[in-house]
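Keep in mind that this is a model prediction, so the values were computed, not measured.
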Amino acid sequence: MKYILKPCVELKDVSIYLPGQPDPVLSNLDMEIHPGEWLAVAGANGCGKSVLARLLCGLEGSYSGEIRRFKQGVREQIQLVMQNPDAQLVGDTVWEDLIFGLEARGLPAETISKKGRDALERVGLSGLLHRPVQQLSGGQKQLLALAGAIAAEPAVLVTDEATSMLDPLARERVIQVLRNLHHQGTAIVMLTQLMEETVHADRIIALSQGTISYCGGVRDFFYGPAFAGEAGYCEEAGLAPPYSVLVARSLLRQGVILQGCPATPEELIKAVITV
């Protein structure tokens, strides 16, 4: 995929270090985030996804190499939704927490109200405006953290396992919110180990053994360079492909010719019906 605009975030030969550890958690990273793209960053537990997420947002300070965050010469605005929402919720109530960042920016009260209510509606928390944060479920806290990031209207939204505490219905709501933001021009960087969440991405980067093991198309990641049903780069990164991909591979091994490389149930049905 070719991009016309220059990247809004760029890493060149970056290695990330944690305090007290002489060896880097991630080494020799070369990656770009382009305006308006959906980038999935996949990896098993402990591969360094959260460290990378914090680095992208300027929250992880110990690294070597070069990091550039820019947009037409101005530092890019990036928002992060962490895996543990308790690490970023600061208000006593849903509304107080949501508007904290907006008030810090000195926005007019009318603007704060509009942005805040719109963000809560998007994630389905409109009815909990005055609910104490401590009374929210883990999933509701995650949705509130997402609402706070949305209200800031960032050019780049980084989500670190943002659906990990959600039930299937709430997870689908989050994915739909992200898809809508993406369609409106927000760059989405989704860090996840759930491969079903990567199928909407324009590109996917896999982290394995302390570095980037794959960067490219999602279908290539699942099916491998031969597109013939053998194990793909996904397994090599220690990850499980979506069930639809496993079914498609089984059909391919049995000699069934499929249209394209289906990654979702809808794509699989269409690929089989059109054979």
K.L.:
Ion pair present between D118 and R122, side-chain N to carboxylate O less than 4.0 angstrom?
P.N.:
yes
K.L.:
Are E121 and S126 close enough that a side-chain donor and a side-chain acceptor fall under 3.5 Å?
P.N.:
no
K.L.:
Going only through I, L, V, M, F, W and Y residues with side-chain contacts under 4.5 Å, is there a path from L26 to V189?
P.N.:
yes
K.L.:
Does a sphere of radius 6.0 Å around CD in Q134 hold more than 12 heavy atoms from other residues, nucleotides or ligands, not counting ones at 6.0 Å or beyond?
P.N.:
no
K.L.:
So do Q209 and T211 actually touch side chain to side chain, heavy atoms under 4.5 Å?
P.N.:
no
K.L.:
Applying salt bridge (Lys or Arg N to Asp or Glu O under 4.0 Å), run through R171 and E161 and close with a yes or a no.
P.N.:
CA-CA 11 Å; R171 181 178 294 126; E161 302 278 7; over 6 Å; no
K.L.:
Applying the 4.5 Å side-chain criterion to the ILVMFWY set and letting contacts propagate, would I33 and L181 be lumped into a single cluster?
P.N.:
no
K.L.:
Only one of D92, T93, L144 forms a side-chain contact (heavy atoms from CB on, under 4.5 Å) with V133, so which one is it?
P.N.:
L144
K.L.:
I'd like to check S62 versus L18 (side-chain heavy atoms, cut-off strictly below 4.5 Å). Are they in contact?
P.N.:
no
K.L.:
Would you say I16 and P24 make side-chain contact, with heavy atoms under 4.5 Å?
P.N.:
no
K.L.:
Are R117 and L129 packed together at the side-chain level, in the sense that at least one heavy-atom pair is separated by less than 4.5 angstrom?
P.N.:
yes
K.L.:
Rounded to the nearest 0.5 Å, what's the gap from OG on S208 to CD on E236? Could you check?
P.N.:
9.0 Å
K.L.:
Look up atom CD1 in I112 and atom CG in L107, then write down how far apart they are to the nearest 0.5 Å.
P.N.:
5.5 Å
K.L.:
Taking all non-hydrogen atoms of both residues, which atom of A162 and which atom of V81 are closest, and how far apart?
P.N.:
CB-CG1, 4.1 Å
K.L.:
What pairs with D23 under side-chain hydrogen bond (donor to acceptor under 3.5 Å, both in side chains), at least two apart in sequence or on another chain?
P.N.:
none
K.L.:
Going by distance alone, is a donor N or O of one side chain under 3.5 Å from an acceptor N or O of the other, for S250 and Q254?
P.N.:
yes
K.L.:
Under a 3.5 Å distance rule, please check whether E37 uses its side chain to pair with a backbone N or O of H34 as donor and acceptor.
P.N.:
yes
K.L.:
Any donor-acceptor pair under 3.5 Å linking the side chain of Q140 with the backbone of S137?
P.N.:
yes
K.L.:
With rounding to the nearest 0.5 Å, note down the distance linking CD in E172 to CD in E196.
P.N.:
12.0 Å
K.L.:
Is it the case that the side chain of N28 and the backbone of D13 share a donor-acceptor pair, with hydrogens and angles ignored and the cut-off at 3.5 Å?
P.N.:
no
K.L.:
Which pair of non-hydrogen atoms, one from K6 and one from P35, has the smallest distance, and what is that distance?
P.N.:
O-CD, 3.4 Å
K.L.:
State, to 0.1 Å, how close Q259 and A271 come at their nearest heavy-atom pair, and which atoms those are.
P.N.:
O-CB, 3.5 Å
K.L.:
For the backbone of L56 and the side chain of R69, can you confirm whether one donor and one acceptor N or O come within less than 3.5 Å of each other?
P.N.:
yes
K.L.:
Testing the basics here: between L98 and A151, what is the closest heavy-atom pair and its distance to 0.1 Å?
P.N.:
CD1-CB, 4.3 Å
K.L.:
Checking side-chain contact (heavy atoms from CB on, under 4.5 Å) between L157 and each of Q77, H182, Q79, which is the one that passes?
P.N.:
Q79
K.L.:
Under a 3.5 Å cutoff, is there a donor and acceptor pairing between the side chains of N180 and Q184?
P.N.:
no
K.L.:
Taking only Lys NZ, Arg NE, NH1 and NH2, and the carboxylate oxygens of Asp or Glu, determine whether E103 and K115 approach each other closer than 4.0 Å.
P.N.:
no
K.L.:
Measure across L120 and A147 and return the closest heavy-atom pair with its distance rounded to 0.1 Å.
P.N.:
CD2-CB, 4.2 Å
K.L.:
Between CG of D86 and CD of Q142, what distance do you get to the nearest 0.5 Å?
P.N.:
9.5 Å
K.L.:
Work out which heavy atom in G91 is nearest to a heavy atom in D97; give both atom names and the distance.
P.N.:
N-OD1, 3.0 Å
K.L.:
Using the rule that two of Ile, Leu, Val, Met, Phe, Trp, Tyr join whenever any of their side-chain heavy atoms come within less than 4.5 Å, decide whether F100 and I150 are in one cluster.
P.N.:
no
K.L.:
Hey, what do you get for SG (C234) to CZ (F222), rounding to the nearest 0.5 Å?
P.N.:
5.5 Å
K.L.:
Salt bridge check, D160 against K49: does any charged N sit closer than 4.0 Å to a carboxylate O?
P.N.:
no
K.L.:
Evaluate the ring pair (Phe, Tyr, Trp, His ring centres under 6.0 Å) criterion for residues Y214 and Y233: first the C-alpha distance (whole Å), next the side-chain angles of each, then the deciding distance (0.1 Å), finally the verdict.
P.N.:
CA-CA 7 Å; Y214 177 89; Y233 300 113; 4.9 Å; yes
K.L.:
From the options V174, T159, T163, L178, select the one residue that forms a side-chain contact (heavy atoms from CB on, under 4.5 Å) with E197.
P.N.:
T163
K.L.:
Report yes if some heavy atom in the side chain of M82 is under 4.5 Å from a heavy atom in the side chain of L59; otherwise report no.
P.N.:
yes
K.L.:
Does R105 come within less than 4.0 Å of E153, counting only side-chain N to carboxylate O?
P.N.:
no
K.L.:
Any non-hydrogen side-chain atom of S64 less than 4.5 Å from a side-chain atom of Y17?
P.N.:
yes
K.L.:
Sequence neighbours left out, what passes side-chain hydrogen bond (donor to acceptor under 3.5 Å, both in side chains) with E110? Give chain and number order.
P.N.:
none
K.L.:
Which residue in the set L52, L29, L39 passes side-chain contact (heavy atoms from CB on, under 4.5 Å) when paired with I205?
P.N.:
L39
K.L.:
Working to the nearest 0.5 angstrom, can you tell me the gap between S244 OG and L268 CG?
P.N.:
5.5 Å
K.L.:
Please tell me if the side chains of V218 and T198 come closer than 4.5 Å, counting only heavy atoms from C-beta onward.
P.N.:
yes
K.L.:
Do you reckon Y63 sits in the same ILVMFWY cluster as I212, going by side-chain contacts under 4.5 Å, direct or chained?
P.N.:
yes
K.L.:
Quick check: do N45 and Q193 have side-chain heavy atoms less than 4.5 Å from each other?
P.N.:
yes
K.L.:
Please name all residues satisfying ring-ring contact (aromatic ring centres under 6.0 Å, His included) with W95, sequence neighbours left out, ordered by chain then number.
P.N.:
none
K.L.:
For a salt bridge (Lys or Arg N to Asp or Glu O under 4.0 Å) check, start with the C-alpha distance between R203 and E32, then their side-chain angles and the critical distance, and finish with the verdict.
P.N.:
CA-CA 11 Å; R203 289 190 300 136; E32 297 176 345; over 6 Å; no
